[in-house]
Amino acid sequence: MKQYDHKKIEKKWPPSAKASAGQAEKKLRTYDHKRIEKKWQKAWAKKKAHVVKDSVKGKKNEYLLVEFPYPSGNLHVGHWYAFAIPDIYARYRRAQGRNVLYPIGFDAFGLPAENAAIKRSLNPRTWTQQNIKYMKGQLASMGASFDWSREVATIDPAYYKWTQWMFTQFYKKGLAYQKETPANWCPKDKTVLANEQVVNGHCERCGAEVEQRMMLQWNLRITEYADRLVDDLEKLDWPTQIKDSQRNWIGRSEGAEILFPLQFPVGADKLKYVLLHGFKGDVSNYDWLKSELEKLGHEVIVPHLPNASSPNEKEWVEAILGATTYDKNTVLFGYSLGAVAAMKALEKLDTKIAALVLAGGFVDPKFKDHSRNFEKKFSWKFDAITITSKVGHIHLLHDTTDTAISEDQARRLSECLGIPLTRVEAQKPHFCGDKELVLLNYLTPSVTVFTTRPDTLYGATYIVLAPEHPLLRQGFAGQAWVNQQEVNEYVTKANKKSDLERQESKEKTGVRIDGVEAINPATGETIPVFVADYVLGHYGTGAVMAVPAHDERDFEFAKKFGLPIRHVVLPVRIDEKNPHVPGKEVVFRNLVMAIVRNPQTGKYLALKVKNPQWTTFVIGGVEEGESLEEAARREIREESGYVNVKLVRALGGPIHSEFHAGHKGVNRIAHNTTLLFELEDEVREPLAPEEAEKHEVTWLNESEITRDRMSHGELDIVLNRMRTGNDVHSGQGILAYSGTFDSMPSEEAKKAITAKFGRAKKTYRLRDWGVSRQRYWGVPIPIIHCDTCGAVPVPDKDLPVKLPEVKDYLPAGNGKSPLAKAVKWVNVKCPKCKGKAQRETDTLDTFVDSSWYFLRYVDPKNKKSFADKKKQSAWMPIDLYSGGAEHTTMHLLYSRFWYKALYDLKLVKDKEPYVRRMNRGLILGPDGQKMSKRWNNVIDPDDIVAQLGADTLRLYLAFIGPYNEPGSYPWNPDGVAGVRRFLERTWRLQDKIVDDRRNSFSRPGPGETVSPEGRPEIERELHKMIKKVGEDCAELKFNTAIAAMMTFLNTAEGRGLTKQQYVTLVRLLAPFAPHITEELWASFAKASKAKHAKNSVHLQPWPKYDKKKLVSDTVKIIIQINGKMRGEAQVPASADKEAVEAAARAVVADRLAGENVARVIIVPGRLINFVTLTIKKQIV
RNA sequence: GCCGGGAUGGCGGAAUUGGUAGACGCGCACGACUCAAAAUCGUGUAUCGCAAGAUGUGGGAGUUCGAUUCUCCCUCCCGGCACCA
């Protein structure tokens, strides 16, 4: 392993002072980076060379963004790689005539600052600002063209005022909400962490194991944007790797929600249903619903609501309250105006009832079609708190086909009650069908499951609830199960475990909920209900329908609990060798295949068929009334004579096969099930003569069971099941045992079954973004908690909410932020009611700070808005965003979400902030490991700058590999010396400038870059270089761009070059090594009369290459014989095919002697290939 | 397990639409300069072979006059997801 040898480098570099003193008399000074770099950095700063205007006449704006650093206190090589290399691109684009914004700032809030501050008993602000100051000095040494006038720091109140302002905007729009959520709690950092900050159950920062705690947290509704965050990726010019990572992270699954009604057949209290009809309705509307509910054993009351054609609130409410007594077993159902009346009645009710189901309800009497006469007879204010407090369970149903109630009306109801809206499709619009099944489903206790495989519904043989499922906490309408205690124990145990602990063992555990059964809506069968921790509470609906035949997890669970396995999606095997013959009758048959193993020998029973010749297992049709096993035993006896066999198991479910049954002359569709038997003894019955004639018995080793030998198309599936014991078919197939859906392909069946029994639904892995942090050093969440008004956003005029000074930055450890200790700051008046109120004491996640910083660069000093709209449109969206791979799923997703939310608030004009994104690589230590003090392999960029110069460091990092690929590159000390050599040779190349006739230094005329006469080869090399460097820079392949300049240098050193040619090289090198090139340019400018020469080299336009100069008079042609290189020939560029062939034949004449050339392939200007007859013959 | 990316000398890496594999740099070897060393300059440097030549881009097949490049299968490495229904 190579060790980084400091001494070796220091000995080598810098070149001794004595040597340069000795050369002092020489016309040229030695390249002295120390003098040059400081000099020009000062000069640029003085001239404000890098201040960017928002518009420059005749130039297009371009926004190049790099992730702003965290002010850790010291600049490392990674920072150089992150900032100095994109600077090459910024300078290159400027030379190409773009007005380039290349800003920088500091992401300065966050844990490390605070931890360091606690350790050194310093104010985090002081500490952070010191770091910023120091790092700015270091950044200056890069010679990067940052516009410092646009510097942004997230800790600046003028910045975080807008962070807070945006948060209040989001809150007002319902995008920010507070919720008691299980939070990832780091016991060491004493704060809540985002999911993204938890790596394998441990804190990303300190490594401590993360605990789950229930806490009241602020969340941002990023899940509402999940679809757009996935779909809009498509249009972005981003590497697929980043897009795929984001898609994985969001984890969108498309499937269906299906409702399974529950029955409590044993020992449960019966429910009392009160069904309220609507405007112009009457008691008879619910005949069907009533009888169905009564069938389940419940009591049903349908009160008569007076004057249904001209109703008023008072009469209806009285009728409802008088209809019966209400208690904890009552379920109140209200339809349309009945829903309104139900809520009104609840406001008055003095007991708590089990459940409230509202269908087609509203709180806003504005209808899609026409107005109604009751608008003024009801009051349209609702006491949501009272209503919801009187009810254990609420369902809000909206019919998506409704012709009277708009979706918007329904949503208002949902917002009013704070209960999510359930969108359903009624049998007839506005739930007007005779048999509205959907109503029954929601009136009965039920479990809604999410599945991506609705096609397997008929195979669902049980239901599994996650331990967190609300049904287990609340029950439904007071219903109970028999083994309540056992269930509770399991749930408590599971809830104690962290996600990580639950995953420790994949061994399935669970408890059957006794006395409760679900009804499979497709088969009508009752199926058991379990609670098991392999189902996740936060994903989908927290409940699954288990289909053991087609899901491995369910299969495992079913095996353990002895649950039925029903195969409903059959894998398909179509025999290509023996396909269906068009026109022939299609005949269906159930087949059974028997694999008989002899445990003594380990061999398998097979039949050698004589005509046609093939080998098969015992196989035959299942006769009417016969079980599979009976049929298999019969076939074994008939075909092999063996009598005593023992059934081991079925090898999974049937396989759907299609083939042409030649001997019967029909097209066969067969469902073929394979049973595995063991031979018990050798007892055989004699075969019937016609059987014996057809085939003979043979025994095969396992290795002899191959598709070559055996004719079964299903063999691969069967063998796999036999060997692995995995009988689950989780792929696609054709439906069977699925009622009217039989023989439908599974993809089609997904849609059909969803349409009939459920509704299409998307679910995401992504969860809402928890932004509360119980730490000091962050942006205070701009919310005031008032006892009467609830959470109130801080009014715009009171922003920013400045971070108060406290003495003690240590988190309390009880979940309270240190801000809670600033009592004066905390206690305020409510902005709404002026009553007593307290400030929110949590601070925002720092990912919030960095979600919009790029917008502030555009207009960093604005006091009226976060960024002026005109300035935004001058720069946004960002043309190229360069950063680290570690931000692929967090920062990049959060800031996209943030930007989209701003877009919806009409605060920004684009849907996406970053047009193009690239992830850079990683610089490793010289030993190939990550740079770390622990390994003593850290390269300090300050040392390199001191010894070798900033230009060398820039050039080295650019040369190490392609910048736009996230590779990892070990630091090579000799490699750095190598690029330093390149700069010195470039410097000394001045010695090789030869007399060019014009010997002047002026702007090249059109079509002319330099005076080329007399040196066409160098001129050609020069133009090749201009082309290559330009193209490679555009693609961020700085390594090959530098290689092209090195190649030119190698040629030019040998042959000499003109001053014009030299200066062109300097201009190409300028973005890479801004200091040395500025120095060289200036020294040439002294001798020049040209005006433009007085300007900086960095203001010179990018050299243009001349296509005509790229071509040479002669070209090298590669000569191949049968595709192998056999020689080369120089031919005139103008040579035609005949001439090329003649020249080539001359070169390889001896090789072609005696060969018949069958074909000659000529690639103009490149290659000629002689194909000889012998090869040709082999092919023909 | 699923999704994506990758594998080229001693090392970092090049190679246009399929057309000389190894550009450029490092390292190494030899030579020049020097009393010497360093620096610098020059020559060479995929492997085997004295050579002619043969082999060679993770492994195996295929398409093609010709494959690092296209197709199929496999191995390994990196990244994302993972009891996600």
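In what follows, every heavy atom counts, from backbone to side chain, and hydrogens, waters and symmetry copies are set aside.
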Decide, yes or no, whether a salt bridge links A:Glu1031 with A:Lys1037 under the criterion of side-chain N to carboxylate O below 4.0 Å. no

Checking base pairs now: Watson-Crick or wobble, both atom distances under 3.5 Å. What partners B:A15? none

Any strand is fair game: report the nucleotide pairing with B:U20 by Watson-Crick or G-U wobble, both distances under 3.5 Å, or none. none

Looking at every non-hydrogen atom in both residues, tell me the closest pair between A:Arg453 and A:Met545 and how far apart they are. O-CE, 3.6 Å

Salt-bridged, A:Arg1145 to A:Glu1141, with N to O below 4.0 Å? yes

Starting at OH of A:Tyr956 and ending at P of B:G13, how long is that distance when rounded to a whole Å? 10 Å

Report which part of the nucleic acid A:Pro962 touches: base, sugar-phosphate, or nothing (heavy-atom distance under 4.0 Å, all strands). sugar-phosphate

Which value, in whole Å, describes the distance between the P atoms of nucleotides B:C70 and B:A7? 11 Å

Among B:A14, B:G19, B:U55, which is the nearest nucleotide to the side chain of A:Leu1167? B:G19

Which value, in whole Å, describes the distance between the P atoms of nucleotides B:U69 and B:G18? 11 Å

Write down the distance separating the C1' atoms in B:U17 and B:G60, rounded off to the nearest Å. 28 Å

A:Trp249, nearest nucleotide to its side chain (from B:C83, B:A85, B:G80): B:G80

For nucleotides B:A61 and B:G44, find the distance between their P atoms and express it as a whole number of Å. 37 Å

Of the listed nucleotides B:A85, B:G12, B:C24, the one nearest the side chain of A:Tyr969: B:G12

Proximity to the side chain of A:Met1046 - top-ranked nucleotide from B:U55, B:G25, B:U20: B:G25

Side chain of A:Arg1166: nearest nucleotide among B:A23, B:G19, B:C41? B:G19

Less than 4.5 Å apart, side chain to side chain, heavy atoms only: is that true for A:Phe557 and A:Phe530? yes

Atom OH of A:Tyr81 and atom P of B:G12 are separated, to the nearest Å, by 14 Å

So does A:Asn248 reach the base of B:C81 with its side chain, donor to acceptor, closer than 3.5 Å? no

Taking any strand in view, what nucleotide pairs with B:A51 in a Watson-Crick or G-U wobble way, both distances under 3.5 Å? none

Nearest-angstrom distance from the residue atom CD of A:Glu965 to C1' of B:A7: 13 Å

So, OP1 or OP2 of B:G4: does either fall under 4.0 Å of a side-chain N or O from A:Arg247? no

For B:C76, give its Watson-Crick or G-U wobble partner with both distances under 3.5 Å, or none. B:G6

Closest-nucleotide ordering on RNA chain B, the 5'-leading residue of A:Lys508 and A:Lys1116: A:Lys1116

So, does A:Asn520 use its side chain to make a donor-acceptor pair with the main chain of A:Phe260 at under 3.5 Å? no

Consider the side chain of A:Ser253, meaning its heavy atoms from C-beta on, and name the nucleotide among B:G27, B:A85, B:G4 that approaches it most closely. B:A85

Go through B:G19, B:G13, B:G27 for me and flag the one nearest to the A:Asn1039 side chain. B:G13

Kindly determine whether A:Tyr764 and A:Tyr539 satisfy ring-ring contact (aromatic ring centres under 6.0 Å, His included), including the steps that lead there. CA-CA 7 Å; A:Tyr764 310 88; A:Tyr539 186 78; 9.1 Å; no

B:A52 P sits how many Å from A:Asp1150 CG, rounded? 14 Å

To the side chain of A:Gln241, which of B:G13, B:G79, B:A85 is closest? B:G79

For A:Arg985, answer base if it contacts any base atom (sugar-phosphate contacts may also be present), sugar-phosphate if it contacts only those atoms, and nothing otherwise; contact means non-hydrogen atoms under 4.0 Å. sugar-phosphate

Expressed as a whole number of Å, how far does the C1' atom of B:G22 sit from that of B:G56? 11 Å

Please classify B:G12 as syn or anti, treating any glycosidic angle within 90° of 0 as syn. anti

Examine B:C65: is either OP1 or OP2 under 4.0 Å from a nitrogen or oxygen in the side chain of A:Arg1159? Give yes or no. yes

The Watson-Crick or G-U wobble partner of B:A38, with both key distances under 3.5 Å, is none

When you measure from the side chain of A:Arg981, which nucleotide among B:C26, B:C83, B:G53 comes out closest? B:C26

Tell me: CD1 of A:Ile1118 to P of B:U20, nearest whole Å? 7 Å

Distance check needed: B:G13 C1' versus A:Leu955 CG, whole Å only. 15 Å

Give me the distance, rounded to whole Å, that separates B:A23 from B:U68 when you measure between the C1' atoms they each carry. 15 Å

Using Watson-Crick geometry (N1-N3 plus N6-O4 or O6-N4) or G-U wobble (N1-O2, O6-N3), each under 3.5 Å, B:G62 is paired with B:C70

note: A:Ile1121, atom CD1; B:U20, atom C1'; distance rounded to Å ~ 14 Å

Whole-Å distance separating the CG atom of A:Asp716 from the P atom of B:C73: 15 Å

Pairing check on B:U45: which nucleotide meets the Watson-Crick or G-U wobble criteria with it, both distances under 3.5 Å? B:G27

Using the C1' atom as the point on both nucleotides, what is the distance between B:A46 and B:A21, in whole Å? 10 Å

Out of A:Arg988, A:Arg985, A:Arg981, which residue meets the salt bridge (Lys or Arg N to Asp or Glu O under 4.0 Å) rule with A:Glu1053? A:Arg985

Quick one, A:Ile1121 and A:Val1148 - any side-chain contact, counting heavy atoms below 4.5 Å? yes

Quickly, which of A:Val976, A:Asp927, A:Asn937 forms a side chain to side chain contact (heavy atoms under 4.5 Å, CB included) with A:Trp971? Name it, please. A:Val976

Given RNA chain B, 5'-ward residue of the pair A:Arg1126 and A:Thr1047, judged by closest heavy atom: A:Thr1047

Given the P atoms of B:U43 and B:C24, what is the spacing between them in whole Å? 12 Å

Among B:A23, B:C26, B:G19, the nucleotide that comes nearest once only the side chain of A:Ala1043 is considered: B:A23

